[in-house]
Undergrad: 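Take a look at this one; I'll ask things after.
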Amino acid sequence: MRYVGQELPESAVPAGRIRAAGVERRFGRGASHIHALGPLDLDIEAGEFCCIVGPSGCGKSTFLRIVAGLVKPSAGRVEVTAATRNPAAMVFQNYGISPWKTVLANVRFGLDLRRVPRKEADARAHEWLVRLGLADFADRYPAALSGGMQQRVSIARALAVEPEILLMDEPFAALDAQLRTILQDELLEICQADKRTVLFVTHSLEEALVLGDRVLVMSARPGRLIAERVPPFARPRTGEVRRSPEFAAMQAELWELLRGEVEQASAQEQEQDHRQGHKQEQEKKKEEVAS
Ligand SMILES: Nc1ncnc2c1ncn2[C@@H]1O[C@H](COP(=O)(O)OP(=O)(O)O)[C@@H](O)[C@H]1O
Ligand SMILES: [Mg+2]
């Protein structure tokens, strides 16, 4: 993991770049270790919106965490090139916001961490509240908000620090289908307004095709890249692309590739449950013998 500073002309909106080479991750040791990810090679250009689709358990979150510097790869390396001191911010599926803070304080969180003066931090946070339709909720607590609103808070919080790279881990997976569509459309608008680099992980092909400049498909564990498509929809685009014939065709084509991986991942999950069950049983027996 290496962050490389880079000089950019004053006028350019800074956007980070990601280079991953031979990235692998294993968890645990010995016979029961899990080869979660890789090897994976991936270059994401500045300003690109890159979507990764893969079955559950294939290492998507692990890869995002490696890019964020939260997890070390077991092999290979990731290089993030950023011009500013705000390389990456992350948005999670379960919102990741603090229930004891108001909406405004949640959005200001990253700015407070960076010791941005309160007045400026409030102004910047407020700007993002407005952009996400949250202005009327500034003084509320998250518990009073719907799931969709909470996820908007989480997105506003990530964007308030003006990160060069936005890392999104299935951010809409907990929302119902209609709300998901609305938030996808909002994200399209936000990300087309200022071009930052986005790495967006999802298990929904539809979501990936609506949002992405590029869609990458991952295999079942250990997750590797098995396909890459460029949705043929010009920018700025809207959710209208969902209704185009090319959209349906590409979704069907990618599903053919993904289907087998999903089946394999589901079998792996069953086996993992079985192994865990077996281990628990053994531990119980040991306890019984000991008592
Ligand atoms: N900290 C960890 N310790 C042990 N196993 C882990 C850990 N994190 C993830 N795994 C395992 O690695 C695999 C990939 O996990 P993850 O990256 O969360 O997959 P995804 O996000 O694609 O669903 C899974 O089998 C998961 O159980
Ligand atoms: Mg995940």
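Numbering of residues begins at 1 and proceeds along the displayed sequence. We count ligands from 1, going down the list as the structure has it; atoms in each ligand are counted the same way.
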Undergrad: Could an N or O of ligand 1 be found under 3.5 Å from any N or O of I34, whether backbone or side chain?
TA: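 Between I34 and ligand 1 (N or O atoms, distance only) the closest approach is not under 3.5 Å.
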
Undergrad: Identify the closest protein heavy atom to atom 25 (O) of ligand 1: which residue and atom is it, and at what distance?
TA: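 Of every protein heavy atom, R221 NH1, 2.8 Å lies nearest to atom 25 (O) of ligand 1.
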
Undergrad: A quick test of your reading: do over 12 heavy atoms of other residues, nucleotides or ligands sit less than 6.0 Å from CD of Q178?
TA: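 Atom CD in Q178 is not crowded, with 12 or fewer foreign heavy atoms closer than 6.0 Å.
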
Undergrad: How far is atom 27 (O) of ligand 1 from the closest protein heavy atom, and which atom is that?
TA: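 Checking every protein heavy atom, the shortest distance to atom 27 (O) of ligand 1 gives Q272 NE2, 3.3 Å.
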
Undergrad: Tell me whether E45 at atom CD has more than 12 heavy atoms from other residues, nucleotides or ligands lying less than 6.0 Å away.
TA: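 It does: E45 CD has more than 12 such atoms within range.
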
Undergrad: Considering both backbone and side-chain atoms of R65, is one of its nitrogen or oxygen atoms within less than 3.5 Å of a nitrogen or oxygen in ligand 1?
TA: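 By distance alone, the answer is no.
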
Undergrad: With the threshold set at under 4.0 angstrom, would you say G59 reaches ligand 1 through any of its heavy atoms?
TA: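 Yes; G59 lies near enough to ligand 1 that a heavy-atom distance drops under 4.0 Å.
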
Undergrad: Between T84 and E164, is any side-chain donor less than 3.5 angstrom from a side-chain acceptor?
TA: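 Yes, E164 and T84 have a side-chain donor paired with an acceptor closer than 3.5 Å.
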
Undergrad: Work out whether the distance between some heavy atom of Q268 and some atom of ligand 1 is less than 4.0 Å.
TA: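 Flag not set, Q268 not near ligand 1.
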
Undergrad: Tell me the protein heavy atom at minimum distance from atom 6 (C) of ligand 1, and give that distance in Å.
TA: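 Here the closest protein heavy atom is F27 CD1, 3.3 Å.
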
Undergrad: Of D169, L199, V201, which meets side-chain contact (heavy atoms from CB on, under 4.5 Å) against F63?
TA: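 Testing F63 for a side-chain contact (heavy atoms from CB on, under 4.5 Å) against D169, L199, V201 leaves exactly one candidate, L199.
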
Undergrad: Between E186 and R152, does any NZ, NE, NH1 or NH2 come within less than 4.0 Å of an OD or OE carboxylate oxygen?
TA: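 Yes, charged N to carboxylate O under 4.0 Å.
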
Undergrad: Treating Ile, Leu, Val, Met, Phe, Trp and Tyr as nodes and any side-chain heavy-atom pair under 4.5 angstrom as an edge, say whether W255 and I226 lie in one connected cluster.
TA: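 Both belong to a single hydrophobic cluster.
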
Undergrad: Of T62, V201, V71, which has the heavy atom at the shortest distance from atom 15 (O) of ligand 1?
TA: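 The nearest heavy atom belongs to T62.
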
Undergrad: Using the rule that two of Ile, Leu, Val, Met, Phe, Trp, Tyr join whenever any of their side-chain heavy atoms come within less than 4.5 Å, decide whether M90 and V23 are in one cluster.
TA: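 Shared cluster, yes.
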
Undergrad: Please state whether the separation between the Mg ion (ligand 2) and some N/O/S atom of S56 is under 2.8 Å?
TA: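 No - counting backbone and side chain alike, S56 has no N, O or S atom under 2.8 Å.
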
Undergrad: Flag the pair K195 and E48 as a salt bridge only when some basic side-chain nitrogen lies within less than 4.0 angstrom of an acidic carboxylate oxygen.
TA: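 No.
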
Undergrad: Are the side chain of E261 and the backbone of A220 linked by a donor-acceptor contact shorter than 3.5 Å?
TA: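 Side chain of E261 to backbone of A220, a donor-acceptor pair under 3.5 Å: yes, one is there.
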
Undergrad: Suppose we measure from atom 20 (P) of ligand 1 to each protein heavy atom; which comes out shortest, and what is that distance?
TA: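 Ranked first by proximity to atom 20 (P) of ligand 1 is G57 N, 3.5 Å.
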
Undergrad: Considering only the protein, which heavy-atom contact is closest to atom 18 (O) of ligand 1, and what is its distance?
TA: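 For atom 18 (O) of ligand 1, the nearest protein heavy atom is S61 CB, 3.7 Å.
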
Undergrad: Heavy atom of S56 under 4.0 Å from ligand 1?
TA: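 The answer is yes, since S56 has a heavy atom less than 4.0 Å from ligand 1.
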
Undergrad: Got an N/O contact under 3.5 Å between A36 and ligand 1?
TA: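 So ligand 1 has no N or O lying under 3.5 Å from an N or O of A36.
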
